[in-house]
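Contents: one structure, followed by commentary.
Below, all heavy atoms of this structure are taken into account, side chains as well, without hydrogens, waters or symmetry copies.
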Amino acid sequence: MAFLHRDFVFRQLFEHQSSTYTYILADAESREAVLIDPVIETAERDARIVRDLNLNLKYVANTHVHADHVTGSGKLKTMIPGLKSVISKVSGAKADVFIEHGDKIAFGKFELECRSTPGHTNGCTTYVLHDKGLAFTGDSLLIRGCGRTDFQQGDPEKLYEVVHAHILSLPDHFCLFPAHDYTGQTMTTVDEEKRLNARLTKSKEEFVNIMKNLNLSYPKQIDRAVPANLVCGIFEAEAEAK
């Protein structure tokens, strides 16, 4: 997906194995850019698009320590000089830049506001681009759903509270872009999720009961992904290079 704005560059990219969305955001004038949630298998594609669009990629940011894929942050850093990785300070993962609630990530004339939205993991962050009415919600809020809360510091009560406080409190017209979708959808809005989200429209008690009884299978890549993502995916990138 590409939004047509004269002053703003936006790309939504997809990795099929883990159904992960990667996002490129850039200031069209300065060409400074941020990339959100890369996957190691598609890092070369991402670097190629950055070059094709003549962008200066300043930051590669993860919304959290993913359990379903290895981040492409480490690999991208080997391909793009000066690139800095970003993740929440409380995530426990390695990065060049650690963020906390309320911090800003600047690129050109734009900036992303970092909103702490834990509950899926303790380090989950939602990145909000107020100038364009966009928010990148990671696994905290999915289209008509949300991330699981049964592992990796999961806490359904906390997730319910922060999603309502820091995501669904945004203006109704804001577009929400998740880290994943498994039904072929690409985005949603605050208004849609306030009306139609099958879990988060319930009371907190109902939500907690739903989340505690999902009985989901163990993520296929978790034993590979989590250790790698705690070190910015670097040892996976090094293994690929050998």
Side-chain angles (χ1 to χ4, degrees), residues 12-23 36-43 62-75 87-88 90-93 116-126 136-164 167-168 176-188 192-193 196-233 235-237 239-240:
Q12 181 183 43
L13 308 169
F14 189 65
E15 192 279 318
H16 290 273
Q17 184 176 0
S18 61
S19 297
T20 298
Y21 287 121
T22 296
Y23 301 96
I36 299 173
D37 282 341
V39 179
I40 193 168
E41 285 83 2
T42 46
N62 281 286
T63 53
H64 63 292
V65 175
H66 298 271
D68 50 15
H69 68 270
V70 174
T71 178
S73 295
K75 188 170 183 178
I87 201 165
S88 167
V90 300
S91 69
S116 177
T117 51
H120 172 61
T121 75
N122 61 356
C124 286
T125 299
T126 292
F136 302 88
T137 59
D139 286 17
S140 298
L141 179 67
L142 305 177
I143 299 170
R144 309 296 188 263
C146 63
R148 62 196 294 173
T149 59
D150 57 334
F151 66 92
Q152 267 189 300
Q153 315 95 37
D155 184 332
E157 291 190 5
K158 184 178 291 183
L159 181 62
Y160 185 91
E161 292 167 0
V162 299
V163 168
H164 280 276
I167 300 176
L168 297 182
L176 306 177
F177 292 89
H180 307 280
D181 188 76
Y182 310 98
T183 65
Q185 299 180 83
T186 58
M187 58 164 285
T188 183
E192 288 177 44
E193 296 309 310
L196 302 170
N197 191 290
R199 299 174 184 173
L200 288 156
T201 53
K202 309 294 186 183
S203 69
K204 186 196 290 188
E205 292 73 22
E206 290 175 299
F207 176 80
V208 170
N209 184 60
I210 290 170
M211 298 307 292
K212 288 184 175 180
N213 291 282
L214 291 177
N215 298 315
L216 298 172
S217 59
Y218 199 62
K220 293 179 181 179
Q221 296 196 60
I222 188 171
D223 293 328
R224 167 190 177 227
V226 171
N229 290 337
L230 287 171
V231 292
C232 204
F235 67 70
E236 286 276 343
E240 283 195 358

Do [X] and [Y] have side chains that approach each other closer than 4.5 Å (heavy atoms only, starting at C-beta)?
X: Thr186; Y: Asp181; result: no
X: Pro38; Y: Thr20; result: no
X: Asp150; Y: Leu214; result: no
X: Ser19; Y: Phe14; result: yes
X: Leu141; Y: Leu176; result: yes
X: Leu200; Y: Cys146; result: yes

Practice problem: Could I get the full list of ring pair (Phe, Tyr, Trp, His ring centres under 6.0 Å) partners for Phe207, not counting sequence neighbours? | Solution: Tyr160

Quiz item: Ser91: what forms a side-chain contact (heavy atoms from CB on, under 4.5 Å) with it, not counting sequence neighbours?
Solution: Val65, Ile87, Ser88, Ala93

Exercise. Classify the side-chain pair Ser140/Thr126 by whether it contains a donor and acceptor separated by less than 3.5 Å.
Key: no

Quiz prompt | Under 3.5 Å donor-acceptor, Gln153 side chain and Asp155 backbone | solution = no

Of all the heavy-atom pairs spanning [X] and [Y], show the shortest one and how long it is.
X: Tyr23; Y: Pro178; result: OH-O, 2.6 Å
X: Ala228; Y: Val70; result: CB-CG1, 3.9 Å
X: Met211; Y: Pro156; result: CB-CB, 3.9 Å
X: Leu142; Y: Asn197; result: O-ND2, 3.9 Å
X: Ala43; Y: Lys75; result: CB-CD, 3.9 Å

Quiz item: Picking from Pro118, Ser116, Cys124, what satisfies side-chain contact (heavy atoms from CB on, under 4.5 Å) with Val162?
Solution: Pro118

Practice problem: Using side-chain hydrogen bond (donor to acceptor under 3.5 Å, both in side chains) as the criterion, list what pairs up with Tyr21, not counting sequence neighbours. | Solution: none

Self-check item: Residues forming a side-chain hydrogen bond (donor to acceptor under 3.5 Å, both in side chains) with Thr137, sequence neighbours excluded
Solution: none

Would you compute the distance between atom [atom1] of [X] and atom [atom2] of [Y] and round it to the nearest 0.5 angstrom?
X: Gln12; Y: Thr22; atom1: CD; atom2: OG1; value: 9.5 Å
X: Arg199; Y: Thr149; atom1: CZ; atom2: OG1; value: 8.5 Å
X: His64; Y: His120; atom1: NE2; atom2: NE2; value: 3.5 Å
X: Leu159; Y: Arg148; atom1: CG; atom2: CZ; value: 13.0 Å
X: His180; Y: Gln185; atom1: NE2; atom2: CD; value: 15.5 Å
X: Thr117; Y: Ile167; atom1: OG1; atom2: CD1; value: 5.0 Å

Self-check item: Candidates Thr121, Asp37, Asn229, Thr71 - the one meeting side chain to side chain donor-acceptor pair (under 3.5 Å) with His66
Solution: Asp37

Exercise. Hey, could you give me each pair passing salt bridge (Lys or Arg N to Asp or Glu O under 4.0 Å) that has a residue in residues 138-147? Not counting sequence neighbours.
Key: Arg144-Glu192, Arg144-Glu193

Exercise. List for me each residue that meets salt bridge (charged side-chain N to carboxylate O under 4.0 Å, His left out) alongside Lys204, sequence neighbours excluded, and say none if there are none.
Key: Glu161

